[in-house]
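None of these values were measured; they are calculated from a predicted model. A note on names: the letters A, B, ... follow the listed sequences, proteins ahead of strands, and every chain is numbered from 1.
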2 protein chains.
Amino acid sequence: MPYSALLTDLYELTMLAGYLREDMHEQQAAFDLFFREPPYLGSYAVFAGLAPALDYLSHLKFSDADLAYLNSLNLFDAPFLEFLKTFRFRGRVTAPCEGEVVFAGEPLLTVEGTLAETQFVETALLNIINFQTLVATKAARLKIAAGPDSEVIEFGLRRAQGPDGGLSVARAAAIGGVLSTSNVQAGQVFGLPVKGTHAHSWVMAFPDELTAFRAYAECFPDSCVLLVDTYDTLTSGLPHALIVAGELRELGHEMLGVRLDSGDLAYLSREARKRFDRAGFENVKIVASNELDEHVIHSIRSEGGCIDIYGVGTRLATCAGPEGGALGGVYKLVESNGKPRLKTTSDPAKSTLPSRKRWLRAVNPDGQFHMDVLDLQDHSGEPFRPGHIAFDPANPQRHKMVPLQCDLIDCRHVVMDSGEVLSQAPSLEALASYAAAQLSRLPEGTLRLINPHRYKVGVSRRLLELRNRLQTAATS
Amino acid sequence: MPYSALLTDLYELTMLAGYLREDMHEQQAAFDLFFREPPYLGSYAVFAGLAPALDYLSHLKFSDADLAYLNSLNLFDAPFLEFLKTFRFRGRVTAPCEGEVVFAGEPLLTVEGTLAETQFVETALLNIINFQTLVATKAARLKIAAGPDSEVIEFGLRRAQGPDGGLSVARAAAIGGVLSTSNVQAGQVFGLPVKGTHAHSWVMAFPDELTAFRAYAECFPDSCVLLVDTYDTLTSGLPHALIVAGELRELGHEMLGVRLDSGDLAYLSREARKRFDRAGFENVKIVASNELDEHVIHSIRSEGGCIDIYGVGTRLATCAGPEGGALGGVYKLVESNGKPRLKTTSDPAKSTLPSRKRWLRAVNPDGQFHMDVLDLQDHSGEPFRPGHIAFDPANPQRHKMVPLQCDLIDCRHVVMDSGEVLSQAPSLEALASYAAAQLSRLPEGTLRLINPHRYKVGVSRRLLELRNRLQTAATS
């Protein structure tokens with residue numbers, strides 16, 4: 001479904017009108033999209049949203065209805081509305097693969113083209129990339145907390161931002177490694193496996209719990225997961241589930257699992273595991289839900305909980321948690337009319353890195369990531385090489401040599417040129433595998449949920465010097 | 001745009017298949033949609049989302065593509081897929097007006113009809129009502145914090161959950177009283193006023209700030225708002241804005257305002273006000289943005305900040321804040337096959353109130369709200385009247401008589417019957433006025449941002465007794 005060209009903040013349109021009037025709209029410009037702080041007090045993010053972003057860019061077009069609406073605002077003159085009729089995005093986009101592990105300050109996207117087209121697409125790109133990256137990162141954290149032997153399922157549709165919000169969640173969660181969802185539409189649109197069992201209301205609609213369980217097992221003998229906490233998990237739900245598991249086996253079927261949705265999940269899951277194992281049902285899976293997040297999952301595992309599948313809803317769909325809720329991605333002008341640009345304010349943390357950049361990853365001979373380095377893209381001066389010093393942009397007193405034995409890999413490639421998408425997007429499964437592989441290559445401690453090791457992102461000497469020159473010029 | 005019938009968790013479909021197989025699908029049932037805790041550690045919520053929810057219900061229909069997809073899952077049999085072909089929602093919905101002030105435990109919606117149709121719509125109704133109500137409530141809190149003389153604008157598109165999330169935010173924010181938005185598509189779809197100025201990149205694209213300001217003022221002489229913090233607010237942005245304000249006046253125009261986007265907003269806004277007033281520009285408005293929420297706004301005002309318009313983005317679009325991010329609305333079976341139903345678990349806070357209910361509001365002679373009472377809807381026994389005792393459902397030892405001089409108002413009416421919407425939705429402006437009027441009728445302290453007075457919601461003696469009887473029966 002095409003995105004509306006009016007998917008934008010008004011100020012993109014007022015600026016566009018201004019650039020046209022000033023005859024600056026065809027000046028060449030470059031913008032970087034980046035975030036200043038990783039989400040969830042973590043150290044990294046998992047990049048996502050590229051395919052929908054490119055879809056937006058390649059189909060950008062004002063419809064007659066859009067133009068009529070803009071005309072009705074009495075804000076824009078006729079030449080501008082005429083200009084919008086043929087306005088398209090014909091620029092270039094440089095980006096990593098979706099699923100790439102990315103860090104604060106790194107240019108996730110660089111968008112190059114005319115000042116008009118590169119400025120206008122700001123709001124839509126931020127809308128798409130911010131949320132998809134935030135969810136993919138949350139999903140990766142959940143997978144890491146759950147460990148390699150457990151699965152995580154996305155259950156968040158009922159708490160997402162409307163129908164489309166629910167779809168965005170499912171797509172991005174898949175890239176982060178949460179590949180199954182309860183959202184049937186997401187299954188249809190993205191080909192993701194859909195999962196689910198029944199609600200408490202199923203049990204309440206029958207005269208008693210055992211009758212309800214038997215009816216459900218009869219309908220779905222080979223995919224029967226029973227929700228066991230409608231009345232009481234230990235004295236009612238589990239004993240009834242055990243009866244049904246036995247009855248299913250007599251008919252030649254195996255019960256798939258039980259779901260715990262309240263109470264002490266660590267304790268109840270150990271108890272459930274014990275009872276099923278004792279009765280010879282070692283393959284019955286234990287599913288848990290109820291306000292789970294990565295910290296709750298970590299705590300359940302540290303107390304010996306026996307959970308095979310975690311269903312995560314609200315905290316995944318809304319990305320709740322400390323410093324959660326939003327990725328503070330921003331979109332900043334780094335070059336215009338051939339000149340590097342810089343934004344400085346009283347808040348030094350908001351100062352940007354000027355010019356078009358190469359984003360390099362130093363990789364150890366064993367394949368582990370050593371650190372990232374941002375260098376200038378232009379050919380003046382010496383490109384960054386192993387053996388060179390990289391500086392902390394927030395505090396250049398801190399610097400570090402990239403060891404000679406490291407390889408330097410370009411983290412990005414050109415994914416759109418002249419407004420054309422250059423290659424087809426990989427499947428969500430392939431992106432999830434890529435994300436998992438990249439995460440496994442980070443230095444020890446970087447994945448820690450709390451107080452993680454901060455992966456280093458340095459800048460080259462020539463990029464640092466350029467920033468310093470521009471800062472001095474701006475303040476003098 | 002019609003909602004997909006696959007906008008649902010899979011378990012609604014598995015349960016539907018089960019009810020059909022058990023021949024229970026045509027039993028009569030009633031579900032209540034309610035939340036257990038008000039959002040943001042506050043005491044109330046502003047109900048929103050009814051019109052889109054009714055739109056969903058009245059158009060619910062499985063397309064051929066939906067049925068083909070469901071068939072491909074190898075989970076459902078042919079009679080069920082045949083049943084879905086003609087499946088529609090033909091039930092009844094009882095609800096308050098959008099904009100109504102609502103409290104924990106109150107049945108925001110009661111959905112009555114066949115067990116099949118009432119169960120199936122759970123996920124979509126929760127998706128729509130949870131998020132719209134959460135945003136409308138946040139918007140109301142922002143308006144209350146900003147006070148009667150300041151405006152709040154919704155700036156959240158770039159941090160919302162995708163394009164459609166951004167639209168949902170704008171609609172619900174309007175009901176809560178934040179009627180203007182930066183989101184142009186929301187202006188087009190909902191007729192809301194759209195607002196905006198320019199970004200830092202506008203300033204950076206020009207050789208210097210004054211040139212950039214002059215160019216913007218030339219384009220928009222009667223709606224010129226200048227962003228003054230690209231380099232330095234006090235030494236650069238404000239002096240340049242003052243020059244442009246003077247130049248505009250000489251040409252017969254008045255500058256509309258300046259926007260502060262970083263730094264100490266209380267201090268900078270006082271300073272800006274002083275400078276503009278001294279220069280004779282008393283009507284220049286001061287706009288502030290940058291990670292605002294109701295607590296930041298409250299703090300700015302308590303320090304004498306002079307801000308006319310607050311632009312709130314992230315914290316409105318994502319509903320961030322303590323206990324924010326999601327409204328925990330749930331959808332529970334309260335009656336089936338003519339019998340009242342109850343869900344009890346080991347967690348007593350999750351126990352539901354059985355049966356179909358009347359939701360009454362006791363109103364003092366001066367129009368102020370006194371308390372709310374939930375009573376049974378059926379005609380057996382004596383309906384609740386002034387002079388009767390209402391009980392705290394969480395602790396029936398606490399009870400309170402509704403004074404004889406109070407009027408008892410029904411908070412809800414039937415808004416859909418036999419699947420038909422009964423009346424047209426009012427305009428968003430009308431809903432916003434209604435919400436503001438209702439909020440102004442709450443007891444003192446109920447609107448406080450922190451540690452508010454808890455508005456009382458009691459239950460009638462006959463509802464309490466019914467719940468106790470069912471609880472006893474379930475545990476014996």
Quick check: closest heavy atoms across [X] and [Y], and the distance to 0.1 Å?
X	Y	result
Gln161(A)	Val169(B)	OE1-CG2, 4.1 Å
Thr123(A)	Arg158(B)	OG1-NH2, 3.7 Å
Phe31(B)	Ser201(A)	CE2-CB, 3.7 Å
Phe220(B)	Ala17(A)	CZ-CB, 4.0 Å

Answer with side chain, backbone, both or neither: which region of [X] has an atom nearer than 4.5 Å to a non-hydrogen atom of chain A?
X	answer
Ile129(B)	neither
Ala29(B)	neither
Leu73(B)	side chain
Glu122(B)	side chain
Ser182(B)	both
Leu342(B)	backbone
Gln188(B)	both
Lys195(B)	backbone
Asp222(B)	neither
Leu115(B)	side chain
Gln132(B)	neither

message: Suppose we screen for salt bridge (charged side-chain N to carboxylate O under 4.0 Å, His left out). Which residues come up paired with Arg259(B), at least two apart in sequence or across chains?
response: Asp261(B)

- request: Please list, chain by chain and in numerical order, all residues satisfying salt bridge (charged side-chain N to carboxylate O under 4.0 Å, His left out) with Arg341(A), sequence neighbours excluded.
  value: none

message: I want to check something: taking the side chain as every heavy atom from C-beta on, are Leu126(B) and Leu157(A) in contact at a cut-off of under 4.5 Å?
response: no

Validation row: Met24(A), Phe206(B) side chains within 4.5 angstrom (heavy atoms): yes

query: For chain B, which of Pro163(A), Gly166(A), Ala186(A) has the most heavy-atom pairs under 4.5 Å?
result: Pro163(A)

- request: Dump the intermediate steps for side chain to side chain contact (heavy atoms under 4.5 Å, CB included) on Glu218(B) and Glu22(A), then the final yes or no.
  value: CA-CA 10 Å; Glu218(B) 202 188 323; Glu22(A) 297 290 317; 3.8 Å; yes

query: Between the side chain of Asn130(A) and the main-chain N/O of Arg159(B), is any donor-acceptor distance below 3.5 Å?
result: no

task: Check whether any side-chain N or O of Asn183(B) sits under 3.5 Å from a backbone N or O of Asp9(A) as a donor-acceptor pair, and report yes or no.
output: no

task: Please assess Tyr216(B) against Thr14(A) for the test side-chain hydrogen bond (donor to acceptor under 3.5 Å, both in side chains), listing each intermediate value before the final yes or no.
output: CA-CA 9 Å; Tyr216(B) 196 79; Thr14(A) 54; 3.3 Å; yes

